[in-house]
Amino acid sequence: MDKESALEQALKRSHGFIALMAYYKCAIMEIETKFNVLNEEFSLQFDRNPINSIKSRLKDLVSMKDKLERKGLPFTLKAIEDNLNDVAGLRVVCSFTEDVYMLANALLEQDDITLISKKDYIANPKPNGYRSLHLIVTVPIFLAHEKRIMKVEIQLRTIAMDFWASLEHQLRYKKEVAFTEDMMQELYQCAEISADLDRRMDALRKRVYFAESNALRDGGQGL
Ligand code: 0O2
């Protein structure tokens, strides 16, 4: 075991680290519950679920250490809490693009949620074609004798955006193969196709709802 991995092992076993990770886990639970409540409310209101799935994760120790190193910061509990925004992460996969914004706005309206930063990669996709809405928020967690304010990263995206991002992530991690310009172009084209798919499904959803409200209105008049 080299010196660094001994340090990692020691930190991982420390009470402070275990407690900090438990607080992040609680913050994930708080946010996940908020999204589940919103999903329930909107499914009652619109008769469909805006959320397809929610995934969550705690960043692993090695990734935290690497990120702090890249920022030129020490690998300490304080540095983790003060400088890493994505230790607690949630990915909310939505049905339609409109749901992404509707859910994000509904969350941000809640008075215990504070927005730290927002990156809209749907309005402004990354050069490789990546699309998602990223929020960094704080949420309070209530312990027996204290209240702690925890940071959580939330990525909201549609099923099509998630499909592209998951496969791109898998391909990117095949590090032994260098990505050629041609491969990057192909990935970008796939992202464009997935964006087009979202636009078409959104348009279709609007048509269906329009037809449904007309049918209800006409049916109502007949009474
Ligand atoms: P992991 O394992 O998913 O956590 P910052 O965190 O703000 O210091 P950055 O790069 O400015 O760093 O943050 P940004 O742009 O908000 O992206 C952070 C996360 O978004 C990434 O986390 C990915 O999960 C996701 N992401 C961003 N760009 C891409 C992309 O091009 N493709 C895919 N598949 N995912 C992306 P991590 O830390 O990379 O990894």
Side-chain angles (χ1 to χ4, degrees), residues 8 12 17 20-21 23-25 27-28 31-32 35 51-94 97 100-101 103-104 107-108 113-139 150-198:
E8 279 167 34
K12 207 170 184 173
F17 181 79
L20 184 61
M21 290 305 116
Y23 301 153
Y24 279 117
K25 205 170 152 200
I28 286 177
I31 301 280
E32 190 162 354
F35 279 115
I51 298 179
N52 184 265
S53 63
I54 302 178
K55 299 163 203 165
S56 64
R57 65 110 183 88
L58 282 177
K59 205 171 183 73
D60 67 58
L61 195 76
V62 175
S63 307
M64 284 190 251
K65 182 173 156 283
D66 289 350
K67 198 158 191 173
L68 285 172
E69 248 170 39
R70 283 200 300 278
K71 290 172 179 254
L73 293 164
F75 184 42
T76 62
L77 287 183
K78 182 165 166 41
I80 291 174
E81 206 170 356
D82 290 352
N83 301 287
L84 299 185
N85 293 331
D86 62 344
V87 176
L90 268 117
R91 188 167 290 153
V92 184
V93 180
C94 305
T97 309
V100 166
Y101 292 106
L103 287 163
L107 179 82
L108 294 175
I113 294 287
T114 303
L115 178 66
I116 305 292
S117 76
K118 181 179 190 170
K119 289 186 199 166
D120 190 346
Y121 295 125
I122 300 176
N124 304 296
K126 283 196 165 184
N128 63 357
Y130 175 80
R131 295 179 305 132
S132 277
L133 180 67
H134 290 191
L135 307 174
I136 308 286
V137 301
T138 62
V139 63
M150 305 303 298
K151 277 187 260 183
V152 179
E153 184 195 64
I154 307 165
Q155 301 179 352
L156 295 114
R157 50 172 78 150
T158 63
I159 300 167
M161 294 172 200
D162 191 52
F163 166 80
W164 183 92
S166 304
L167 299 191
E168 187 265 357
H169 186 264
Q170 279 186 32
L171 294 174
R172 202 155 33 92
Y173 278 79
K174 298 267 174 213
K175 285 208 175 95
E176 61 276 16
V177 179
F179 255 68
T180 62
E181 186 58 38
D182 181 50
M183 290 170 178
M184 285 185 333
Q185 268 303 319
E186 185 62 13
L187 255 181
Y188 181 77
Q189 289 302 321
C190 290
E192 288 288 287
I193 293 170
S194 92
D196 191 45
L197 200 57
D198 271 333

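Note that ligands are numbered from 1 as they come in the structure, with each ligand's atoms numbered from 1 the same way. Values reported hereafter were calculated over all heavy atoms of this structure, with side chains retained and with hydrogens, waters and symmetry mates removed.
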Hey, is atom 37 (P) of ligand 1 touched by any protein heavy atom at less than 4.0 Å?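 Answer no: nothing from the protein, no heavy atom, is under 4.0 Å.
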
### Query
Quick one: does atom 16 (O) of ligand 1 have a protein heavy atom under 4.0 Å from it?
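Yes, there is a protein heavy atom closer to it than 4.0 Å.
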
Give the atom numbers and elements of ligand 1 that come within less than 4.0 Å of a heavy atom of [X].
X      : answer
Ala165 : 34 (N)
Lys59  : 4 (O), 38 (O)
Asn128 : 30 (C), 31 (O)
Arg172 : 30 (C), 32 (N), 33 (C), 34 (N), 35 (N)
Arg57  : 4 (O)
Lys126 : 15 (O), 27 (C), 28 (N)

Considering only distance and modelled atom types, tabulate donor-acceptor pairs under 3.5 Å from the side chains of residues 181-192, sequence neighbours left out.
none

For [atom], tell me which residue out of [options] has the closest non-hydrogen atom.
atom                    : options                        : result
atom 3 (O) of ligand 1  : Lys71, Lys118, Gln170, Arg91   : Arg91
atom 7 (O) of ligand 1  : Glu153, Arg131, Lys119, His169 : Lys119
atom 30 (C) of ligand 1 : Trp164, Tyr130, Tyr121         : Tyr130

Inset, instruction - Describe, in one word, how the ring planes of Tyr130 and Trp164 are oriented to each other, choosing from parallel (under 30°), tilted (30 to 60°) and perpendicular (over 60°). - result: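 Ring orientation of Tyr130 relative to Trp164: tilted.
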
For the side chain of Lys151 and the backbone of Ala88, is there at least one donor-acceptor N/O pair under 3.5 Å apart?
no

| message | Between Asp86 and Gly89 (side chain of the first, backbone of the second, donor and acceptor by atom type, cut-off under 3.5 Å), is there such a pair? | response | no

Tell me: protein heavy atom nearest [atom], and distance?
atom                    : result
atom 22 (O) of ligand 1 : Gln155 NE2, 4.5 Å
atom 34 (N) of ligand 1 : Glu168 OE1, 2.9 Å
atom 6 (O) of ligand 1  : Lys67 NZ, 2.5 Å

Output for pair (Arg157 CZ, Asp198 CG), nearest 0.5 Å, gives 12.0 Å

dist Ile154:CD1 -> Arg91:CZ (nearest 0.5 Å) comes out at 13.0 Å

Nearest heavy-atom contact between Met64 and Lys59 is CE-O, 3.1 Å

Hits for ring-ring contact (aromatic ring centres under 6.0 Å, His included) against Tyr23, two or more places apart or cross-chain, chain-then-number order -> none

Review point. Can a donor-acceptor pair be found between the side chains of Arg131 and Thr97 at a distance below 3.5 Å?
Key: no

